Amino acid sequence: MTHKKLIVGNWKMNPATLAEAKTLARKFKKAAAKLVHTEAVICPPLPFITSCAGRLTSSGKLNAPHFHMGAQVASTQEESGPHTGEVGAHMLRDIGVEFVIIGHSEQRKRGDTDLVVAARLKAVLDQGMTPILCVGESVRDESGAYLDALKNQIKASCGDLLKKSAKSIIVAYEPIWAIGAAEAMKPEDVYETSLFIKKVFADLFGADMGLKVTILYGGSVTYRNAPDIIAVGKVDGLLVGRESVNAPGFVEMLKAVDLVG
Ligand code: PGA
């Protein structure tokens, strides 16, 4: 792999306090500064983002090498206005957020349809940020029907985009059965499915996009299995849940993945 790997921490609704969030961010910033082949992204809950980001540069960027801020949601509403409870993509960009997780299965379960996912995706792209589009099957059947489900989900979420916009998307392949589970998907299977996703992208946006699309794997990644998922699964990075709020585990993961080169 010639380009840098991306390790994204999806903190979900954790930790419980601002003090804990700041401690985690401080530790991860320090670990990220030593990375050579890897970039780290943390996605804290919205109320903690500003404190975790620290003071921004005059151009609105984070002042921490190899360390980036992400968010777990952005509104479908693109303009400020009477939208109680919503957080606009423009507001996230203004506080130093560069990445936004879209279409996570936990949000889809709470009601995000493919249409809503597509609208959030557009709002994030319009602000020049990078959406991390989560896709994944709920079960794996022997007949391979899950591949069709995966293809349809990708098409419905981003198939209408222009190629120019599609280039900015990161796809996080998260088989739902592997999220919050005891074990991750086997690296060989990660590889096979990532090839399938590349093919879907090639069909939708042209052959070169199949080669270029950035694919992360997510689902029960730990510091122990991460290097193999990168090396054998040949993905561009990882989307990490539980291990991303376990300070020693996430720091170890950053180090271990960086050594894969
Ligand atoms: P997990 O979560 O690493 O705890 O399985 C992954 C995710 O939901 O993104």
Side-chain angles (χ1 to χ4, degrees), residues 5-16 20-21 24-25 28 31 38-46 48-49 52 68-74 97-112 117 120-121 124 130-140 146 149-150 153-154 157 169-187 189-190 193-194 197 214-230 232-233 235-257:
K5 288 158 302 214
L6 196 66
I7 308 297
V8 183
N10 173 12
W11 288 11
K12 307 192 180 184
M13 206 170 85
N14 298 295
E20 288 170 276
L24 286 174
F28 299 156
T38 314
E39 297 289 308
V41 181
I42 59 165
C43 307
L46 291 169
F48 300 158
I49 290 180
C52 289
H68 309 265
M69 202 53 63
Q72 300 171 27
V73 72
V97 168
E98 292 173 72
F99 298 85
V100 184
I101 297 172
I102 310 272
H104 190 282
S105 58
E106 287 156 14
Q107 278 173 332
R108 291 183 189 261
K109 211 162 90 187
R110 284 198 305 270
D112 270 20
V117 170
R120 293 195 199 280
L121 202 65
V124 168
T130 304
I132 299 175
L133 171 65
C134 301
V135 296
E137 75 279 1
S138 44
V139 283
R140 272 210 158 198
Y146 69 91
L150 198 53
Q153 200 183 35
I154 295 171
S157 311
I169 297 179
I170 291 178
V171 176
Y173 170 56
E174 296 207 303
I176 297 173
W177 50 268
I179 296 177
E183 276 184 54
M185 181 183 231
K186 288 200 199 71
D189 293 342
V190 171
T193 319
S194 77
I197 294 171
T214 300
I215 302 183
L216 314 181
Y217 166 79
S220 301
V221 180
T222 64
Y223 74 89
R224 289 197 179 84
N225 62 23
D228 258 9
I229 297 175
I230 294 282
V232 181
V235 278
D236 306 296
L238 304 165
L239 181 56
V240 187
R242 285 159 295 169
E243 194 85 306
S244 72
V245 281
N246 164 22
F250 198 64
V251 169
E252 264 321 298
M253 186 187 299
L254 292 176
K255 283 190 203 159
V257 166

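All figures in this text were calculated on a predicted structure; none of them were measured in a lab. Whatever order the structure lists them in is the order used to number ligands and atoms, beginning at 1.
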Salt bridge between E106 and K109, side-chain N to carboxylate O under 4.0 Å? no
Taking it one step at a time, do L24 and I42 satisfy side chain to side chain contact (heavy atoms under 4.5 Å, CB included)? CA-CA 10 Å; L24 286 174; I42 59 165; over 6 Å; no
Is it the case that the side chain of S220 and the backbone of A181 share a donor-acceptor pair, with hydrogens and angles ignored and the cut-off at 3.5 Å? yes
Candidates I170, V117, V124 - the one meeting side chain to side chain contact (heavy atoms under 4.5 Å, CB included) with L133: V117
From the options H68, M69, Q72, K12, select the one residue that forms a side chain to side chain contact (heavy atoms under 4.5 Å, CB included) with C43. Q72
Contacts table for ligand 1: protein N or O within a distance under 3.5 Å of ligand N or O, distances only.
residue  : atom  : partner : partner atom : Å
ligand 1 : 2 (O) : K12     : NZ           : 3.3
ligand 1 : 3 (O) : S220    : N            : 3.4
ligand 1 : 3 (O) : G241    : N            : 2.9
ligand 1 : 4 (O) : R242    : N            : 2.9
ligand 1 : 4 (O) : R242    : NE           : 2.7
ligand 1 : 5 (O) : G180    : N            : 2.7
ligand 1 : 5 (O) : S220    : N            : 2.8
ligand 1 : 5 (O) : R242    : NH2          : 3.2
ligand 1 : 8 (O) : K12     : NZ           : 2.6
ligand 1 : 8 (O) : H104    : NE2          : 2.7
ligand 1 : 9 (O) : H104    : NE2          : 3.3
ligand 1 : 9 (O) : E174    : OE1          : 3.4
ligand 1 : 9 (O) : E174    : OE2          : 2.7

Measuring from Y217:OH to T193:OG1, what's the distance to the nearest 0.5 Å? 9.5 Å
